[in-house]
Structure formats: C-alpha cells, structure tokens
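To keep things clear, I will list the structure first and then write my remarks on it.
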Amino acid sequence: MEPNLDRDGGYWTLDHSKSLIKRRPHLWFGTSPISPRDHELISCDDTSFAECGFPGASPLCSVSHLKQGETNDVMHQTCWTCENDMACKTMVAQAGGSVSGFPELASLPAWYQFHMKVEVKVTISMTSRSELVVPCGLFSTRPTKIRTLQVPSHIPGHICPFSPPEVMIMYDCTSSSESFRKHPFIASRKWDVLLMKIYENYEFPWTIVSIVDSGSSDEVKDEDDELYTSLIHQPDNSAF
C-alpha cells in the first residue's frame, strides 16, 4: 500500500508527481533541452513490466565500484538508502553523472578513478510474471548515462507549497543480474528508466516511475564489457 503522502501536508504522492512532470517538465529541466527520448519516457503511462507504486517495489538500490589497482574480484557496494542518498549522488556526479538543481554537486571535482555502475531493482508485475517467468532482477548503467534533476528552490511558491520530488533518468540500462541476463527478451534490449525520490520515510526512497525500450543491448555491449570488467560477473543480487 502506498504511504499516506499528502501534497498539502508536505509530501508528494506518486500520482501527483507523475502528473506534474508530464505537464511541467521544464520545472526539472530548466533551460536544458528535453529530447524526444526524454519526452517519451516522461509521458509513458505505465512501467512496462515493472511493479511500482509502493515502497520497495522497484527501488534504486546501489552504487558498485572498483578501485584502480585492486583485483577484479574486489567490489565495493554502497546501498542507495535514505541515509546514503547524498553520498551516492555525490559519487555519481563526480564520476560524470549530470546534475541539475543541486548547487552543492555542480562544482565537485571530477573523480574518475573508479569503474562504477548504478543498479536498480526491477520487480516484475503480477500481470507480466506469467509471461516473463521471472520474479525480479537488476538493471544497471554507468554514471555518465545518468541525469539527476531537482526543482530549484527559487521556483515561486505559488507553483507548489513544497518542493516536488527529485527525478533521475538512467539511460541505456542493461541486465546485470543472472535472472535477467538469462532471459532472452530482457537481456536482448537496453532500457531507459525514470525514477522519482518519493518515499522519504522509507529505507529506499527512490522508485521506478516508467521504463521504455531504447534499443538492442548489442549497441552498448562493448561499452559495458570495458567499463564493468568483473562487475557484471559478480554474484546475482536480484534477491535484494
């Protein structure tokens, strides 16, 4: 069940947030161009085969990274919880992720000494589970293919009494758990994923809002192999 999030009480429901970004995406994007690809993701009315709409259903779950000089068998993983939210956003921004509306992140020094991926858990909806025959799995992408957007604090108060939730777009996500890598349909495609930071009072605050098929995974396979050396061969974490 979705928590009692009241827009007038200081929180935003998922439905309110989705409606606002569809009607007024410029609040998040500002003067940055909104591509047809972004418009398609924002205007998508469903989450494809993913379950969402309640805490923990399909959350942003972790940042995984390797340090230069370490063996490929050593992986560092930071769970993307409420407590670690700013630390994870900082890591992604320093590794090349795009940020808008976060002045404290905009001037961070570049930090490219890590091979890094960001993972989101996808719980398969009950309506799709019989067709896909897999309960859940992980998608991941690199920080340079992530945009994190926040409505600036200077937006006039008459637009909304409280700041709308932060938004994240993860482009070209590919399967990074064994359950998805073995699935012929899911593994053969790459995916754009829209998330919102809705569940402030829960352990994992970000949730998937929509997913759009963005092409063949072969288009990014070489990039993934180069960037995720050993990371993509870690044990399956889909039971997260």
Side-chain angles (χ1 to χ4, degrees), residues 2-3 5 7 10-48 50 52-63 80-82 84-93 95-106 118-122 139-155 159-173 191-202 204-212 214:
E2 185 173 346
L5 303 182
R7 187 171 53 166
Y11 296 94
W12 282 80
T13 65
L14 185 60
D15 286 342
H16 278 133
S17 302
K18 289 168 66 175
S19 175
L20 183 62
I21 196 172
K22 286 180 181 181
R23 291 183 289 108
R24 309 185 75 170
H26 63 278
L27 292 179
W28 284 268
F29 286 83
T31 58
S32 299
I34 306 175
S35 68
R37 184 174 180 178
D38 291 331
H39 273 298
E40 181 183 8
L41 187 60
I42 291 168
S43 63
C44 180
D45 287 326
D46 61 52
T47 56
S48 189
C52 73
F54 60 91
S58 293
L60 187 62
C61 54
S62 66
V63 178
W80 205 309
T81 59
C82 279
N84 294 332
D85 183 62
M86 182 52 69
C88 288
K89 283 187 291 199
T90 299
M91 282 193 286
V92 171
S98 171
V99 294
S100 177
F102 297 89
E104 68 276 25
L105 298 179
V118 177
E119 289 186 316
V120 58
K121 179 183 177 181
V122 180
F139 283 155
S140 66
T141 195
R142 60 173 68 193
T144 53
K145 294 189 175 185
I146 291 176
R147 298 180 71 177
T148 308
L149 308 117
Q150 178 174 246
V151 175
S153 59
H154 67 265
I155 294 294
I159 289 179
C160 50
F162 297 93
S163 296
E166 298 167 21
V167 165
M168 181 181 294
I169 299 177
M170 300 173 66
Y171 300 102
D172 294 338
C173 293
W191 309 87
D192 290 346
V193 179
L194 176 68
L195 303 103
M196 283 186 166
K197 186 182 174 185
I198 296 287
Y199 303 117
E200 297 279 5
N201 295 329
Y202 290 79
F204 295 93
W206 291 85
T207 187
I208 290 176
V209 175
S210 60
I211 299 177
V212 170
S214 61

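- Between C173 and V193, the shortest heavy-atom contact is SG-CG2, 4.0 Å.
- Atoms CG and OG, on L105 and S98 in that order, are 11.0 Å from each other to the nearest 0.5 Å.
- The CD atom of E166 sits 11.0 Å away from the CH2 atom of W28 when rounded to the nearest 0.5 Å.
- Looking only at side-chain heavy atoms (C-beta outward), F29 and D38 come within less than 4.5 Å of each other.
- Proximity of a side-chain donor or acceptor of T141 to a complementary backbone N or O of Y171 within less than 3.5 Å is detected.
- In this structure a side-chain-to-backbone donor-acceptor pair under 3.5 Å is present from D192 to D172.
- Scanning both residues, V122 and A50, for their nearest heavy atoms gives CG1-CB, 3.7 Å.
- Taking each heavy atom of C61 and K121 in turn, the nearest pair found is SG-N, 3.7 Å.
- Considering only heavy atoms from C-beta on, T148 stays 4.5 Å or farther from V167 through its side chain.
- With rounding to the nearest 0.5 Å, the separation of CZ in F139 from CD1 in I211 is 5.5 Å.
- Taken to the nearest 0.5 Å, the CG atom of N84 stands 11.0 Å off from the OG1 atom of T90.
- Between L41 and V212, the shortest heavy-atom contact is CD1-CG2, 3.7 Å.
- Between K89 and K197, some side-chain heavy-atom pair lies under the 4.5 Å cut-off.
- Rounded to the nearest 0.5 Å, atoms CE (M170) and OG (S214) are 11.5 Å apart.
- Note: I21 CD1 to I42 CD1 = 4.5 Å, rounded to the nearest 0.5 Å.
- Aromatic ring pairs are classed by plane angle as parallel below 30°, tilted from 30° to 60° and perpendicular above 60°; the pair W206 and W80 is perpendicular.
- Across all non-hydrogen atoms, the minimal contact from E104 to M86 is OE2-CE, 3.6 Å.
- A heavy-atom distance below 4.5 Å is found between the side chains of F204 and T81.
- Taking each heavy atom of T207 and I198 in turn, the nearest pair found is CG2-CG1, 4.4 Å.
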